[in-house]
K.L.:
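This is the structure I want to talk about, given as structure tokens.
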Amino acid sequence: MTSDTYRALPLLIDGSLSYAAEGGVFENIDPATEEVLGTTADAGPRDMDRAIAAARRAFDETPWPTDLAFRVHCLRQLRAGLERHADELRRTIVAEAGSPVTLTHGPQLDAPVAGLGWCADLAESYAWETDLGVAAPLGVPTRRVLRREPYGVVGAITPWNFPMQITLAKVGPALAAGNTVVLKPAPDTPWTAAILGRIAAEETDLPPGVLNVVVGSAHGLGAQLAADPRVDLVSFTGSTATGRAVMRSGADTLKKVFLELGGKSALLALDDADLATVVGNAAFQITTHAGQGCSLLTRLVLPRARYDEGVELLVETLRNWPYGDPADPGTLMGPLISERQRRRVLGYVARGLAEGATVALGGGIPAHLPRGYFVEPTVLTGVTPAATVAREEIFGPVLTVLAHDGDDDAVRIANDSVYGLSGMVVSASEERARAVAERVRTGTISINGGLYYGADVPFGGYRQSGVGRESGRAGFEEYLEIKAMAYAH
Ligand code: NAD
């Protein structure tokens, strides 16, 4: 099948690649050029209904949930297929997500594809049963065994910013655990998901219905998936506002809802910190995929006495930051995903100014990039913890810089947020940084620039940044029920 055909046939339902039942199509836009890359099938409620029915049937009526060796074989085939098509995927992620190509050699593509292998190995070596030994509850001698079983049908709903990474972080463990999956990708990045569906259909032995991909422009498809009584678990990554809606949709059927949401993570520089380390990390984080990452550090909290020095170094560093064409390997920052998102980001800058902040760098559309949804790397100073730009997720290359008056105050500022996804502490003393890191209420935290990212590391948020963990053993276990079995002894 040629690339053009699968782009027209992006749905994978019950083992077949197909058009949308109603025949609809929608446009896929390149955010770096604003050009239409092509059209893609626009699934509707009937397609989603068929996909859920297929996933239900595959779970209830085939050996998939119990045949571990076959599942591991299929996951390894999927990994090999994705590796064979790495170049096509790389080009697609750059074109439709606007991601710098350098990121596809890490978290946008190569790392999560390799992570499928880790997931298959984990499933193979996992202790699916635990013997609790013999006891005599109420005087009845009993041998107790805990058995792990898949939930059933998993609805996976994903955002556009890391389209392959987030998809595989759900599909990998969900399938390895024995569930069947209906994937509903974000409308902004339909082809990455379509390629995954095509490879699953053509290059693996995954049985019909085990993995379904339903690409469509309507967010209502996600709501339909979350509400459907045939779905047992919803695994969602996206904004906190949508996460609330997903939880509400799942409430009527009391399904398990697993949520990876937004963040407003803080980089805390303690008063003995090396400012070059602080600024290097801050600049890299705020420009990574143009700030469109949930766990990026978007609040820089400097010691008050070193605030001006830190801001000066930061502005100097970011002034010549290489950004523009995401396909250029020298580019560290591409565009935002859409004009809507750009308006939103510039709206936040305006709000920051209205609330008393100063633009120390950027703040607008770069003059040298008239096409594409670019925003300049932006530094807002004089920001108080109460300001909107210090509290809400901007999802753009906008760093807010705050001041602290010592370690306790830094911790207070970091925790003064509805979010709790990530953070970083920088200090000349690892021990001191560690003591502060322990008090920051987030699911991940870096000490002096360490990276927690990896298939074996659980990732997720405290408070309104999410419920549950993705990746690692903990992420795998999100997709498993526990059954306690009691044998008369
Ligand atoms: P979004 O919440 O707008 O959409 C995410 C997905 O949900 C899309 O597939 C969308 O079609 C679907 N959707 C929208 N409304 C829905 C509804 N009512 N019911 C069910 N599904 C619905 O998010 P986005 O703009 O695509 O992504 C950006 C957001 O994702 C940011 O807030 C970011 O912080 C967050 N994010 C979180 C993580 C994490 O792991 N914590 C990772 C990446 C992105």
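Sequential numbering from 1 along the given sequence is applied to the chain's residues. Order of appearance sets the numbers: ligands from 1, and atoms from 1 within every ligand. None of the values given here were measured: they were computed from a predicted structure.
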K.L.:
Quick check: are there more than 12 heavy atoms from other residues, nucleotides or ligands sitting under 6.0 Å from CZ of R441?
P.N.:
no
K.L.:
Give me the residue, atom name and distance of the protein heavy atom closest to atom 35 (C) of ligand 1.
P.N.:
G238 O, 3.0 Å
K.L.:
Take atom CZ in R371; do more than 12 heavy atoms of anything else shown fall under 6.0 Å from it?
P.N.:
yes
K.L.:
Do H85 and I199 have side-chain heavy atoms sitting under 4.5 Å apart?
P.N.:
yes
K.L.:
Heavy-atom contact check, 4.0 Å cutoff: does F162 meet ligand 1?
P.N.:
no
K.L.:
Without hydrogens or angle criteria, can the side chains of Q108 and S99 be said to hold a donor-acceptor pair below 3.5 Å?
P.N.:
yes
K.L.:
Using a strict cut-off of less than 4.0 Å between a Lys/Arg side-chain nitrogen and an Asp/Glu carboxylate oxygen, indicate whether D456 and R473 qualify as a salt bridge.
P.N.:
no
K.L.:
Which of the numbered atoms in ligand 1 are under 4.0 angstrom from any heavy atom belonging to G222?
P.N.:
19 (N), 20 (C), 21 (N)
K.L.:
Is the shortest side-chain N to carboxylate O distance from D416 to R299 below 4.0 Å?
P.N.:
no
K.L.:
Could you check atom 39 (C) of ligand 1 against the protein and tell me its nearest heavy-atom contact, residue, atom and distance included?
P.N.:
C294 SG, 3.1 Å
K.L.:
Distance alone, cut at 3.5 Å: any donor-acceptor contact between the side chains of S239 and T242?
P.N.:
yes
K.L.:
For ligand 1, is there an atom lying under 4.0 Å from some heavy atom of G220?
P.N.:
no
K.L.:
Would a search of protein heavy atoms around atom 4 (O) of ligand 1 find one under 4.0 Å away?
P.N.:
no
K.L.:
Near E393, which atoms of ligand 1 are under 4.0 Å from a heavy atom of that residue?
P.N.:
31 (C), 32 (O), 33 (C), 34 (O)
K.L.:
Could you see which bit of D188 sits under 4.0 Å from ligand 1, with heavy atoms only: side chain, backbone, both or neither?
P.N.:
neither
K.L.:
Which atoms of ligand 1 have any heavy atom of K184 under 4.0 Å away?
P.N.:
8 (C), 9 (O), 10 (C), 11 (O)
K.L.:
Salt bridge or not between E478 and R469? Use side-chain N to carboxylate O under 4.0 Å.
P.N.:
no
K.L.:
What residue and atom, counting heavy atoms only, is the protein's closest point to atom 24 (P) of ligand 1, and at what distance?
P.N.:
W160 NE1, 3.4 Å
K.L.:
Residue-level breakdown please: for N161 versus ligand 1, do any non-hydrogen atoms fall below 4.0 Å on the side chain, on the backbone, on both, or on neither?
P.N.:
side chain
K.L.:
Looking at K255 and D228, does any basic side-chain N land under 4.0 Å from a carboxylate oxygen?
P.N.:
no
K.L.:
What atoms of ligand 1 come closer than 4.0 angstrom to any heavy atom of V246?
P.N.:
19 (N), 20 (C)
K.L.:
Are T192 and T92 linked by a side-chain donor-acceptor pair shorter than 3.5 Å?
P.N.:
no
K.L.:
Tell me which protein heavy atom sits closest to atom 23 (O) of ligand 1, plus the residue, atom name and distance to 0.1 Å.
P.N.:
S239 N, 3.5 Å
K.L.:
In plain terms, say whether K264 and E392 are close enough for a salt bridge, that is, a side-chain N and a carboxylate O under 4.0 Å apart.
P.N.:
no
K.L.:
Which of the atoms of ligand 1 are close to F459, meaning less than 4.0 Å from one of its heavy atoms?
P.N.:
39 (C), 40 (O)
K.L.:
Does the ring centre of W191 sit less than 6.0 Å away from the ring centre of F26?
P.N.:
no
K.L.:
Numbering the atoms of ligand 1 from 1, which are under 4.0 Å from a heavy atom of L421?
P.N.:
41 (N)
K.L.:
How far is atom 28 (C) of ligand 1 from its nearest protein heavy atom, and which residue and atom name does that atom have?
P.N.:
F395 CE2, 3.5 Å
K.L.:
Which residue and atom name correspond to the protein heavy atom nearest atom 27 (O) of ligand 1, and how close is it?
P.N.:
P159 CB, 3.3 Å
K.L.:
For ligand 1, is there an atom lying under 4.0 Å from some heavy atom of A226?
P.N.:
no
K.L.:
Taking heavy atoms and a distance under 4.0 Å, where does I166 meet ligand 1: side chain, backbone, both or neither?
P.N.:
side chain
K.L.:
Counting heavy atoms only, which part of T237 comes closer than 4.0 Å to ligand 1: side chain, backbone, both or neither?
P.N.:
both
K.L.:
Which residue and non-hydrogen atom of the protein lie closest to atom 6 (C) of ligand 1, and at what distance in Å?
P.N.:
T158 O, 3.5 Å
K.L.:
Regarding ligand 1, does I157 bring an N or O atom to under 3.5 Å of one of the ligand's N or O atoms?
P.N.:
no
K.L.:
Would you say the ring centroid of Y151 lies under 6.0 angstrom from that of Y479?
P.N.:
no
K.L.:
Enumerate the atoms of ligand 1 whose separation from the nearest heavy atom of A186 is less than 4.0 angstrom.
P.N.:
9 (O)
K.L.:
Check E88 with R198, please: is the shortest side-chain N to carboxylate O separation under 4.0 Å?
P.N.:
yes
K.L.:
Determine, for R56 against D60, whether the closest basic-nitrogen to carboxylate-oxygen distance falls under 4.0 angstrom.
P.N.:
yes
K.L.:
Of the protein's non-hydrogen atoms, which lies at the shortest distance from atom 17 (C) of ligand 1, and what is that distance?
P.N.:
T242 CG2, 3.8 Å
K.L.:
One residue to check: P185. Relative to ligand 1, which of side chain, backbone, both or neither has a non-hydrogen atom less than 4.0 Å away?
P.N.:
backbone
K.L.:
Against heavy atoms of P187, which atoms of ligand 1 measure under 4.0 Å?
P.N.:
11 (O)
